[in-house]
Amino acid sequence: AYSITVTGGTATDSSSNPIAKAAEDDNVYIVAPELTGKRFREWTVEAGSADVTIGDENASSTFFTMPAGNVILKANYDTIIDSVSATFDAPVNGQHIDQTLTTGSPNYTATLTRVWQGAGFKSLTDTIYETGKEYAFFVQFAPASGYVLVPNDQLSVTLNGTALNFADDYIGTYSAWRIVLTAVSEEIPHFAVTVTNGIANASLAQENDVITITANAPASGFLFDKW
């Protein structure tokens, strides 16, 4: 018989009797217990173990067939996060729509991205936030390694000091939420772009934006000289 070492779990025979040894080709059953504040993730074969195939490495209760050698296994858990919060200091009036904001804690990150604007939140029709308009956002929470997010209603997101309410159809999942708010009135300066005898790819721009300008086709008998 060969030895069986299970860290964080128990090995048993077919009658559920705990065992520490088994003969080659015997079926060995392994169970990882439920732990408060933890969720079982997977079984791993540890260094020094003989090669062994686990029936379902992601199931807390499973089995393996004993190889011709000692087996060393470990039950791995993630720490449950059942409450999340995030505070974002944007968007503000005049800020570009493509800005993605990330915040969080050592245990998870939260990313906010604007996705819709206007009545019905059907599409993006402007290039900057404007005071008085409503916008919709996705907020996505992602756990750090060793943690798992468990859906419930214990979440909080604050944008520019205002607590945001989540749409009912998104509560209960940790993939994304839609948030609707009115942009705040803080100003980020932006300036008009005017091109005589030509066009620009934007009519408004912030400092350091790159603007592409194109001259109109010259009249007959003329060639473009310079701006």
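This is a predicted model, so every value here is computed, not measured.
- Inter-residue side-chain proximity for N70 and S3 is flagged as met; some heavy-atom pair is nearer than 4.5 Å.
- Using a 3.5 Å distance cut-off with no hydrogens or angles, the side chains of N76 and T44 do pair a donor with an acceptor.
- Residues E42 and I54 are not in side-chain contact: their nearest non-hydrogen atoms beyond the backbone lie 4.5 Å or more apart.
- Distance check: Y108 OH to I81 CD1 gives 7.0 Å after rounding to the nearest 0.5 Å.
- No side-chain donor-acceptor contact under 3.5 Å links T212 to the backbone of N201.
- Taking the side chain as every heavy atom from C-beta outward, V45 and L73 approach each other to under 4.5 Å.
- No chain of hydrophobic side-chain contacts below 4.5 Å, direct or via other Ile, Leu, Val, Met, Phe, Trp or Tyr residues, connects L35 to V31.
- Using a 4.5 Å heavy-atom threshold, the side chains of I80 and K38 count as separate.
- The shortest non-hydrogen separation linking A1 to K21 is CB-CB, 4.2 Å.
- The shortest heavy-atom contact between F40 and A75 is CE1-CB, 4.0 Å.
- A donor-acceptor pair is defined here as one N or O able to donate and one able to accept, closer than 3.5 Å; no such pair exists between the side chain of W43 and the backbone of S61.
- Put simply, the side chain of P67 reaches to within 4.5 Å of the side chain of V52, judged on heavy atoms.
- W227 and I199 end up in different hydrophobic clusters when Ile, Leu, Val, Met, Phe, Trp and Tyr side chains are linked at under 4.5 Å.
- From F63, atom CZ reaches atom CG of D26 across 13.0 Å, with rounding to the nearest 0.5 Å.
- Residues Y77 and S60 are not in side-chain contact: their nearest non-hydrogen atoms beyond the backbone lie 4.5 Å or more apart.
- Proximity of T12 to N17: side-chain heavy atoms (C-beta onward) are nowhere separated by under 4.5 Å.
- The minimum heavy-atom distance between A202 and I211, with the atom names listed, is CB-CD1, 4.1 Å.
- Using a 4.5 Å heavy-atom threshold, the side chains of I4 and I19 count as touching.
- When all heavy atoms of T10 and P18 are compared, the pair lying nearest together is CG2-CB, 4.5 Å.
- Atom OG1 of T79 sits about 12.0 Å away from atom CZ of R39, to the nearest 0.5 Å.
- Side-chain N or O atoms of S49 include one that pairs as donor or acceptor with a backbone N or O of I72 at under 3.5 Å.
- Pairing each heavy atom of G8 with each of P33, the nearest pair is O-CD, 3.3 Å.
- Remark: Y29 pairs with no residue by the ring pair (Phe, Tyr, Trp, His ring centres under 6.0 Å) rule, at least two apart or across chains.
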